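Note that these values count all heavy atoms, side chains included, but never hydrogens, waters or copies made by symmetry. Numbered from 1 within each chain, the chains take letters A, B, ... in sequence-line order. Keep in mind the model is a prediction, meaning the values are calculated, not measured.
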Amino acid sequence: MAKKFYITTAIDYANGSPHLGHAYEKVLTDVLARYRRLQGDEVHFVTGLDEHGQKVQMSARKAGLEPQAICDQVAVEFQGLCQRLEISNDDYIRTTEARHKKVVQSVLQDLYDRGEIYKAEYAGFYSQRQEQFVTEKEKVDGEWPEIYGEVEEVIETNYFFKLAQHQDWLVDTIENNEAFIYPRFRSADVLQFLKEPLNDLCISRPRERLQWGIELPFDSEYVTYVWFDALVNYITAAGYGTDAYADHWPADFHVIGKDILVPPHAVYWPIMLHALGLELPRHFLVHGWWLSSGAKMSKSTGAVVNPLDLIEQHGADAFRYFVTREMNVGQDSEFSLERFTARYNSDLANDLGNLLSRLLNMGGRYTEGRVPAATIDEAPEQELKQLWESTAKELIPLYDGFQYHRALETIFSFLSGINRYAETRAPWKLAKSEDPADRAALETSLACMAEALRLSVVLLTPVMPTISEKVRALIGDEALTGLDGQLDWGDRLEGKTLGEKTILFPRPERSAG
RNA sequence: GCCAGGGUAGCUCAGUGGUAGAGCAGAGGACUCAUAAGCCUUUGGUCGGCAGUUCAAAUCUGCCCCUUGGCACCA
């Protein structure tokens with residue numbers, strides 16, 4: 001069996017509710033996953049939930065619940081988000097699952113046996129109130145803020161993972177693999193970090209301080225902490241220790257936010273894998289953040305808008321389109337309701353939705369609800385086909401280079417070209433003529449509009465899967481299963497039945513006041 | 001402080017040496033198949049600032065300013 005295209009998001013931390021950032025990462029990953037499926041890859045797409053740790057334990061205690069109960073609630077929320085967004089993940093991993101505990105313990109034991117883990121004393125400043133270690137960085141004006149309460153220096157024995165001995169290897173690996181981290185400039189952050197000597201990584205917490213974690217296999221007085229729990233999910237979900245593993249690992253892409261590249265994903269994780277003798281993931285796709293999500297958009301309406309409400313208000317596809325169109329992968333982007341509305345109305349409703357609407361309507365009125373044959377090929381047709389040719393040429397490289405915002409821009413610029421073509425041919429005028437030449441032009445124009453629309457939605461499909469399928473059905477096309485030949489201008493729609501006139505993206509009612 | 005990303009029309013962005021671009025928003029017009037949509041025309045920029053290299057710089061170099069991140073046990 002051929003290796004699958006294995007792609008992951010970061011797993012979300014269970015101590016909080018989903019927000020725009022979570023939604024975006026899932027959409028971004030899903031777009032890539034769906035694109036690869038169209039390219040013919042067998043895809044294994046995993047997302048999940050990181051459930052252990054101090055914060056979850058404390059939240060549970062505050063709520064008077066068992067930690068697992070809290071996690072179960074949060075898991076429902078996050079999985080619900082995936083459904084709402086029509087994320088096509090093949091697996092959802094939760095770090096409290098038995099399959100994961102087993103892998104974490106096996107990996108820890110393995111490293112312990114190899115001498116990569118040792119026990120040592122760790123001295124630090126501990127905040128009793130927050131039940132966590134604090135560092136000099138947390139100090140404000142030379143004092144720890146009030147929220148930490150009394151901070152005392154304590155010495156604690158813990159287990160450490162040897163990072164330093166792999167440092168040179170890691171620097172080499174990153175320097176010699178330019179495609180390892182996208183965008184490339186992020187590699188510089190990692191290499192800068194690696195200019196300083198690495199300290200070993202503390203991977204345990206004593207059980208009396210933290211119960212909510214996976215027990216160290218070689219010392220039941222401790223649980224493992226954070227990274228050995230969270231990062232290992234990627235190989236758990238790949239089926240580490242089972243036959244499935246070879247079909248999945250190495251991951252083709254870990255899609256993550258820029259905040260967790262250095263040091264966890266670009267330093268700890270590669271070293272963990274290297275120490276275990278496992279292959280590294282092939283690429284990291286590092287995205288930026290949505291800024292001002294919340295406060296800023298309340299200005300005009302006076303009401304705070306939760307970006308995730310837009311999914312229900314305007315559909316998953318519209319939401320997916322917006323975040324994909326607006327975000328230049330790797331950079332940050334500004335979220336505002338105004339921008340969402342502008343995209344929705346201008347691009348989706350006016351350009352795409354209305355184009356389909358006028359085609360279906362004219363097909364019903366002039367050609368008995370069928371896609372007619374294109375019988376002539378004159379300047380307007382040739383121009384439109386040329387425009388498509390140059391559009392198609394750009395799309396694959398843009399998709400391959402994660403330039404989704406520009407790919408969408410290009411597609412919508414072609415859609416605009418179809419609208420322009422319609423004005424040039426003006427089938428509604430031709431319909432009033434008895435001249436056979438006008439009749440031929442009328443039929444040709446509707447055929448060309450339908451074909452051009454079909455071509456437009458092919459590479460809209462990864463971003464707007466439902467809408468794209470809907471468009472295909474309405475113009476008499478079959479469901480899309482691959483890219484093969486789909487981007488070539490042809491006459492496959494000839495004679496196909498057009499659907500009833502449909503409003504794809506209804507204009508929202510203008511709310512009074 | 002050091003490193004990196006961004007700073008181009010009101011907004012979002014494209015544009016890496018050769019007379020400043022797109023979409024949206026604004027203004028005007030013709031049309032009517034269509035979701036008061038679409039189409040045509042148009043207003044609008046000392047390309048963050050200063051200096052330098054060059055016949056020529058948004059594009060190369062230096063310094064500065066604004067902004068977003070990274071800079072070891074922090075999720």
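- Judged by distance alone with a 3.5 Å cut-off, a donor-acceptor contact links the side chain of A:N354 to the base of B:A34.
- Residue A:N419 contributes atom CG, which lies 17 Å from atom P of B:U32 at whole-angstrom precision.
- Here the options are A:F335, A:Y404, A:F505, A:Y24, the test is ring-ring contact (aromatic ring centres under 6.0 Å, His included), and the partner is A:F322; only A:F335 passes.
- What separates CG of A:D351 from P of B:A25 is a distance of 10 Å, to the nearest Å.
- Taking the P atoms as reference points, B:C2 lies 29 Å from B:A58, given to the whole Å.
- Between the side chain of A:Q331 and the base of B:G5 there is no donor-acceptor pair of N/O atoms closer than 3.5 Å.
- Distances shown here put every side-chain N or O of A:T410 at or beyond 4.0 Å from the OP1 or OP2 atom of B:A14.
- In terms of phosphate contacts, A:Y225 brings no side-chain nitrogen or oxygen within less than 4.0 Å of OP1 or OP2 of B:C74.
- One interatomic measurement links the two molecules: CH2 of A:W290 to P of B:U12, which rounds to 12 Å at whole-angstrom precision.
- Both A:R358 and A:F185 lie near RNA chain B, and the one whose nearest nucleotide falls closer to the 5' end is A:F185.
- For the C1' atom pair drawn from B:C39 and B:C33, the interatomic distance equals 13 Å after rounding to whole Å.
- One P atom belongs to B:U8, the other to B:U46, and the distance between them is 13 Å to the nearest Å.
- Here the separation of B:C63 from B:A25, taken at their P atoms, is 43 Å to the nearest Å.
- Distance, A:L356 CG to B:G38 P: 15 Å, rounded to whole Å.
- Atom-to-atom, CG of A:D200 to P of B:C73 comes out at 14 Å; the value is rounded to the nearest Å.
- If you measure from atom NZ of A:K501 to atom C1' of B:C33, you get 9 Å, rounded to the nearest angstrom.
- Here A:E156 pairs with A:R209 in a salt bridge; the nearest charged N to carboxylate O distance falls below 4.0 Å.
- Contact between the side-chain N/O atoms of A:N328 and the OP1/OP2 oxygens of B:A14 is found at a separation under 4.0 Å.
- Between A:R507 and B:A36 there is no side-chain N or O to OP1 or OP2 distance below 4.0 Å.
- The same atom, C1', is picked in B:A37 and in B:C31; the two are 13 Å apart, to the nearest Å.
- With a 4.5 Å cut-off on side-chain heavy atoms, A:D317 and A:R320 count as touching.
- For A:R365 and B:A34, the shortest distance from a side-chain N or O to OP1 or OP2 is below 4.0 Å.
- Across the strands present, B:U32 finds no partner; the criterion is a Watson-Crick or G-U wobble pair with both atom distances under 3.5 angstrom.
- A salt bridge links A:R439 and A:E443; the closest N-O separation between the charged side-chain nitrogens and carboxylate oxygens is under 4.0 Å.
- Residue A:F335 contributes atom CZ, which lies 19 Å from atom P of B:C11 at whole-angstrom precision.
- Under 4.0 Å is where a charged nitrogen must lie from a carboxylate oxygen, and between A:E215 and A:R207 at least one such pair does.
- For the C1' atoms, the distance linking B:G70 with B:A14 amounts to 28 Å, nearest Å.
- Spacing between B:C24 and B:G38 at atom P, rounded to whole Å, works out to 8 Å.
- Under a 4.0 Å N-O distance rule, the pair A:R425/A:E378 qualifies as a salt bridge.
- Only the P atoms considered, B:A22 is 11 Å distant from B:U43, to the nearest whole Å.
- Among B:C33, B:C39, B:G70, the nucleotide with an atom closest to any side-chain atom of A:D189 is B:G70.
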